[in-house]
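Note that ligands are numbered from 1 as they come in the structure, with each ligand's atoms numbered from 1 the same way. Since this is a predicted model, take the numbers as computed values, not measurements.
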Amino acid sequence: MTYQELKAEENQYVMNTYGRFPIALDHGEGATLWDVAGKKYIDLASGIGVNCLGYNNEALIAAITEQAHKLMHVSNLFTTEPMVQVAKKLVTNTGMGKVFFANSGAEANEGMIKLARKYSFDKYGAGRHKIVTLINSFHGRTVTTLKATGQDKFHNYFFPFTEGFDYAIANDIDSVKAKIDGATCAVMMELIQGEGGVLPLDAAFVKQVEALCREKDLLLLIDEVQTGIGRTGRLFCFQNYDITPDVVSMAKGLGGGTPIGAVMAAKTCCDVLTPGTHATTFGGTPMVCAAANCVLDTVADDAFLAEVRAKGEYLKEQILAIGSPNIHGVRGMGLMLGIIVDEGKHAEFAGKLIDKGVLAITAGKNAVRLLPPLTISKAEMDEALTIMKEVF
Ligand SMILES: *Cc1c(COP(=O)(O)O)cnc(C)c1O
């Protein structure tokens with residue numbers, strides 16, 4: 001079908017919840033995609049930081065195919081090897097305690113919020129339920145994670161939202177202190193605010209929040225849905241900040257393009273959720289876990305992560321070297337980068353890049369966001385840089 005034919009049927013049959021770009025994608029290879037008309041794009045978005053091993057990755061396809069032949073799904077009433085192996089890899093690479101599997105970032109965050117509230121309930125009884133998050137954060141689209149998100153525009157239409165969230169100013173420890181009271185059980189944050197504009201938190205602030213959490217026995221909840229799985233040049237971004245979180249949520253990159261989320265808790269709180277308190281039908285399903293095992297076998301490797309950091313540095317340097325007056329800087333870490341342009345101009349630049357064959361997305365008020373496959377080649381980066389030079 002042509003784009004026009006597909007779009008007509010989409011308009012008829014699919015709910016209109018997305019402002020989609022006028023492209024129907026068809027297939028990919030490495031970090032390169034083709035649309036239904038055969039036009040080629042260098043992909044600097046990888047879904048939204050999902051396709052970390054790129055397209056048509058032989059090892060990933062083999063892992064999924066092999067598992068599909070054996071067993072695609074059983075319920076969580078039974079044990080399966082792929083699920084146990086993913087958990088073991090996550091724990092042994094981080095020094096944390098145990099994992100709960102979900103299907104998406106929002107669900108992982110729901111699990112993280114439930115764990116924090118129950119940790120506090122078990123230890124201190126009712127009433128200690130409040131979670132402090134940061135202004136400009138993004139934590140998901142369920143009724144609870146919308147309220148956890150520290151942006152007013154998300155707190156509309158769907159009233160009443162879940163109670164018990166309050167918002168502090170990022171990089172301002174006094175603001176966090178002011179929001180904490182006897183009803184608080186946790187602080188939840190992204191270390192690089194992704195949707196908010198690719199805004200890395202200050203290292204000193206993050207350490208101060210960690211110390212505050214230890215002092216008051218609040219759980220430190222780190223949302224690594226976007227920053228996790230090698231995106232920032234470490235398996236998890238918290239490893240760049242030298243902190244010990246209590247709970248980490250993840251999703252996007254973990255399945256390499258298959259839907260999976262997870263909550264990983266430290267040894268001190270990984271037994272809080274018990275039979276009957278939390279569950280899901282699909283979480284940890286074997287076919288998706290086979291994909292996650294392949295992703296972790298590739299990404300949780302010092303040489304691979306060093307390459308991610310080197311590629312990120314290269315892109316950052318080369319983008320700055322364009323020397324365009326339209327580029328005001330590049331923020332971010334590893335292969336999670338934001339090109340800073342004039343406020344409100346980011347969508348226009350992303351649109352022009354897409355027209356010319358580079359898929360980029362936007363973030364916040366002024367960032368053109370780059371989240372390429374972690375496996376992107378030098379040749380693909382150079383092809384994208386040539387087009388960026390033209391556009392900027
Ligand atoms: C994408 C994202 C989410 C939501 O993930 P879904 O899989 O879309 O539910 C939550 N937190 C952060 C930081 C994200 O980037």
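- Atoms of ligand 1 lying under 4.0 Å from any heavy atom of S104, numbered from 1 in the order shown and given with element: 7 (O), 9 (O).
- A salt bridge (Lys or Arg N to Asp or Glu O under 4.0 Å) with K7 holds for exactly one of E5, E9, E10; it is E10.
- Distances from atom 6 (P) of ligand 1 to the heavy atoms of A102, P259, G105, G49 show the closest one on G105.
- Judged by distance alone, the side chain of N103 and the main-chain N or O of G283 form a donor-acceptor pair under 3.5 Å.
- Listed by number with element, the atoms of ligand 1 under 4.0 Å from a non-hydrogen atom of N109 are 10 (C), 11 (N).
- Looking only at heavy atoms of the protein, atom 11 (N) of ligand 1 is closest to D223 OD2, 2.8 Å.
- A donor-acceptor pair under 3.5 Å is absent between the side-chain atoms of E190 and the main chain of S137, judged by distance alone.
- Within the listing of ligand 1, atoms 13 (C) sit less than 4.0 angstrom from a heavy atom of E190.
- For the pair A106 and ligand 1, the shortest N or O to N or O distance falls below 3.5 Å.
- Not a single donor-acceptor pair under 3.5 Å links the side chain of E307 to the backbone N or O of F304.
- Of the listed residues (R369, K365, R141, K153), just one forms a salt bridge (Lys or Arg N to Asp or Glu O under 4.0 Å) with E195, and that residue is R369.
- D35 and K39 are not joined by a salt bridge, as no carboxylate oxygen comes within less than 4.0 angstrom of a charged side-chain nitrogen.
- Given atom 1 (C) of ligand 1, the protein heavy atom at minimum distance is K252 NZ, 1.5 Å.
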